[in-house]
Amino acid sequence: MMQVLFYYMAAVTVVSSVLTVTLKQPVYNVLALLTMFFHVAGLYVLLNAEFLAVVQIIVYAGAILVLYLFVLMLLNLRSDARHMHRQWPFAVLILGSVAAMLVGAFAGGGFGGEIGQYSTAYIDSLGGDTQAIGLTLYTDYLLPFEVASLVLLVAMVGAIVLTKKGLVDDQVED
Amino acid sequence: MIELSNYVILSAIIFFIGVLGVVTRRSIIVILLSIELMLNAVNINFVAFSHYLQSITGQVFVFFTLTVAAAEVAVGLALIVAIYRNRKTVNVEELDIMKW
């Protein structure tokens, strides 16, 4: 059952990623990416990361993609006759061969490392995935957490400064 | 049982699809979407390793990746709006003002 679900999620994720890159209309690209985000959230559920699955849907699908659609509607772009670069077959060839090499290397497995203490039973004893992440985030990673909030503040101020008329010189008149 | 390598392979494939989008597409918006694809590929790796090596750190790092992705999208889209306002295009082949 788990395997069937994994292969379904993996297949839809790959197909919708390809559609995100190849479709012509930007709105369709964004909607394909939405499908991809939902199925990645499904993969997180398979990996017992329920909190991240929900955050993935709320932040990526709820906030980021809405922002993309908002800007798309705002710009009102005309669709281009030629939406790919002229040399795209070469890019497919080169990146495809590098990807095939990597997949061949990864297929052998042999990924290992130190096994940590956060087994499924231990996470359950803490009260669940959300509690386990919260306990780690607010103790061991408190400083990065505060830095992340600073990053968000800077991004917010930056976005306002960049889009406000008159703050940055827009002297290009043609 | 699903192997860890299945997740790593899936993540590699999605990452390369993202790279392909960045190098071949001509619209800045689709290039930003492809960067989102790459960030998601990295997140899948983080969560998969976190699960199989039984360490919660990977999931905490996905949390930070999400934060940076949100900041990147806000600033990136603001830049796109500013570029469109000045140049009336979002096609990267026409944005060659800094080209030698």
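The figures that follow rest on heavy atoms only: side chains count, while hydrogens, waters and symmetry mates do not.
Heavy-atom distances place the side chain of B:F61, and not its backbone, under 4.5 Å from chain A. Looking at B:L10, only its side chain comes within 4.5 Å of chain A, counting heavy atoms on both sides. At a 4.5 Å heavy-atom cutoff, the contact between A:V14 and chain B is made by backbone and side-chain atoms alike. Only the side chain of B:S34 comes within contact range of chain A, with at least one heavy atom under 4.5 Å from a heavy atom of that chain. Contacts between A:V154 and chain B at a heavy-atom distance below 4.5 Å are absent for every atom of the residue. Heavy atoms closer than 4.5 Å to chain A are found in both the backbone and the side chain of B:A48. Interface remark: A:V147 contributes no atoms to any contact with chain B (heavy atom separation under 4.5 Å). In this structure, chain B has a heavy atom under 4.5 Å from the side chain of A:V71, while its backbone stays farther away. Looking at A:F70, there are no atoms closer than 4.5 Å to chain B (heavy atoms on both sides), in backbone or side chain. Heavy atoms of A:T22 lying under 4.5 Å from chain B belong exclusively to its backbone. Of the atoms belonging to B:V90, it is side-chain heavy atoms, and not backbone ones, that fall under 4.5 Å from chain A. Both the backbone and the side chain of B:Q59 come within contact range of chain A, judged by heavy atoms closer than 4.5 Å. Only the side chain of A:F51 comes within less than 4.5 Å of a heavy atom of chain B; its backbone N, CA, C and O stay farther away. Neither the backbone nor the side chain of B:A41 has a heavy atom closer than 4.5 Å to any heavy atom of chain A. Of the atoms belonging to A:F145, heavy atoms from both backbone and side chain fall under 4.5 Å from chain B. Using a 4.5 Å cut-off between heavy atoms, A:L52 contacts chain B through its side chain alone, with no backbone atom that close.
Side-chain contact between B:L66 and A:Y60: present, with at least one pair of heavy atoms (C-beta onward) separated by less than 4.5 Å. Here the side chains of A:Y68 and B:I80 are not in contact, with every heavy-atom distance at 4.5 Å or above.
Residues B:Y52 and A:I115 come closest through the heavy atom pair O-CD1, 4.0 Å. Nearest heavy atoms, A:A107 versus B:S5: O-OG, 4.4 Å. The minimum heavy-atom distance linking A:A49 with B:V47 is given by the pair CB-CG1, 3.8 Å. Here the shortest heavy-atom pairing between B:A70 and A:L152 reads CB-CD2, 4.4 Å. When all heavy atoms of A:A91 and B:V23 are compared, the pair lying nearest together is CB-CG2, 4.0 Å. Nearest heavy atoms, B:A71 versus A:A155: CB-CB, 3.5 Å.
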Side chain to side chain contact (heavy atoms under 4.5 Å, CB included) between A:Y141 and B:F63: does it pass, once the steps are laid out?
CA-CA 11 Å; A:Y141 293 94; B:F63 197 76; over 6 Å; no
Full working for side chain to side chain contact (heavy atoms under 4.5 Å, CB included) between B:Q54 and A:Y122
CA-CA 10 Å; B:Q54 302 182 357; A:Y122 182 67; over 6 Å; no
Chi angles and distances behind the side chain to side chain contact (heavy atoms under 4.5 Å, CB included) call for B:R25, A:M84:
CA-CA 5 Å; B:R25 289 302 300 253; A:M84 304 283 266; 3.3 Å; yes
Derivation and outcome, side chain to side chain contact (heavy atoms under 4.5 Å, CB included), residues A:L102 and B:F15
CA-CA 11 Å; A:L102 271 183; B:F15 189 88; over 6 Å; no
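Interface check for chain B: of the options A:T120, A:I94, A:D129, the most heavy-atom pairs under 4.5 Å are formed by A:D129. With chain B as the partner, the residue from A:S119, A:A63, A:G158 showing the most heavy-atom pairs under 4.5 Å is A:S119. Interface check for chain B: of the options A:V103, A:N29, A:L75, the most heavy-atom pairs under 4.5 Å are formed by A:L75. Each of A:V59, A:L72, A:L74, A:L67 has some count of heavy-atom pairs under 4.5 Å with chain B, and the biggest count is that of A:L67. Contact tally against chain A (heavy-atom pairs below 4.5 Å) for B:I14, B:V68, B:L77: the top residue is B:L77. Your options are A:R86, A:E114, A:H85, A:Q117, and the one with the most heavy-atom pairs under 4.5 Å with chain B is A:H85. Interface check for chain A: of the options B:V19, B:V81, B:L20, B:V75, the most heavy-atom pairs under 4.5 Å are formed by B:L20. The residue among B:T89, B:L33, B:T67, B:L37 with the most heavy atom pairs within less than 4.5 Å of chain A is B:L33. Contacts with chain B were tallied for A:T20, A:L43, A:L47; A:L47 has the most, counting heavy-atom pairs under 4.5 Å. Among B:N6, B:V22, B:V30, the residue with the largest count of heavy-atom pairs under 4.5 Å with chain A is B:N6. Taking B:I56, B:V60, B:V73 one by one and counting their heavy-atom pairs under 4.5 Å with chain A, the maximum is reached by B:I56.
Residue pairs meeting the side-chain hydrogen bond (donor to acceptor under 3.5 Å, both in side chains) criterion with at least one member in residues 10-19 of chain B, sequence neighbours excluded: B:S11-B:N45.
To the nearest 0.5 Å, the span separating CG on B:N40 from NE2 on A:H39 amounts to 13.5 Å. In this structure, the separation between OG on A:S17 and CZ on B:F16 is 14.0 Å, given to the nearest 0.5 Å. Atom OG of residue B:S27 and atom CD of residue A:Q25 lie 11.0 Å apart, to the nearest 0.5 angstrom. The CG atom of B:L32 lies 11.0 Å from the CG atom of A:L33; values are rounded to the nearest 0.5 Å. Rounded to the nearest 0.5 angstrom, B:T57 OG1 and A:Y118 OH are separated by 7.5 Å. Annotation: the span from A:N48 atom CG to B:H51 atom NE2 amounts to 5.0 Å, rounded to 0.5 Å.
Cluster membership check: A:Y7 shares its hydrophobic cluster with B:I17, using side-chain heavy-atom separations under 4.5 Å among Ile, Leu, Val, Met, Phe, Trp and Tyr. The same ILVMFWY cluster, assembled from side-chain heavy atoms under 4.5 Å apart, contains both B:L4 and A:L5.
Residue A:I58 shares its hydrophobic cluster (ILVMFWY side chains chained together at separations under 4.5 Å) with A:V54.
A donor-acceptor pair under 3.5 Å is formed between the side chain of B:R85 and the backbone N or O of A:T163.
Centroid-to-centroid, the aromatic rings of A:F111 and B:F49 come within less than 6.0 Å.
Between A:Q56 and B:N43, the side chains place no donor N or O within less than 3.5 Å of an acceptor N or O (distance only, hydrogens not considered).
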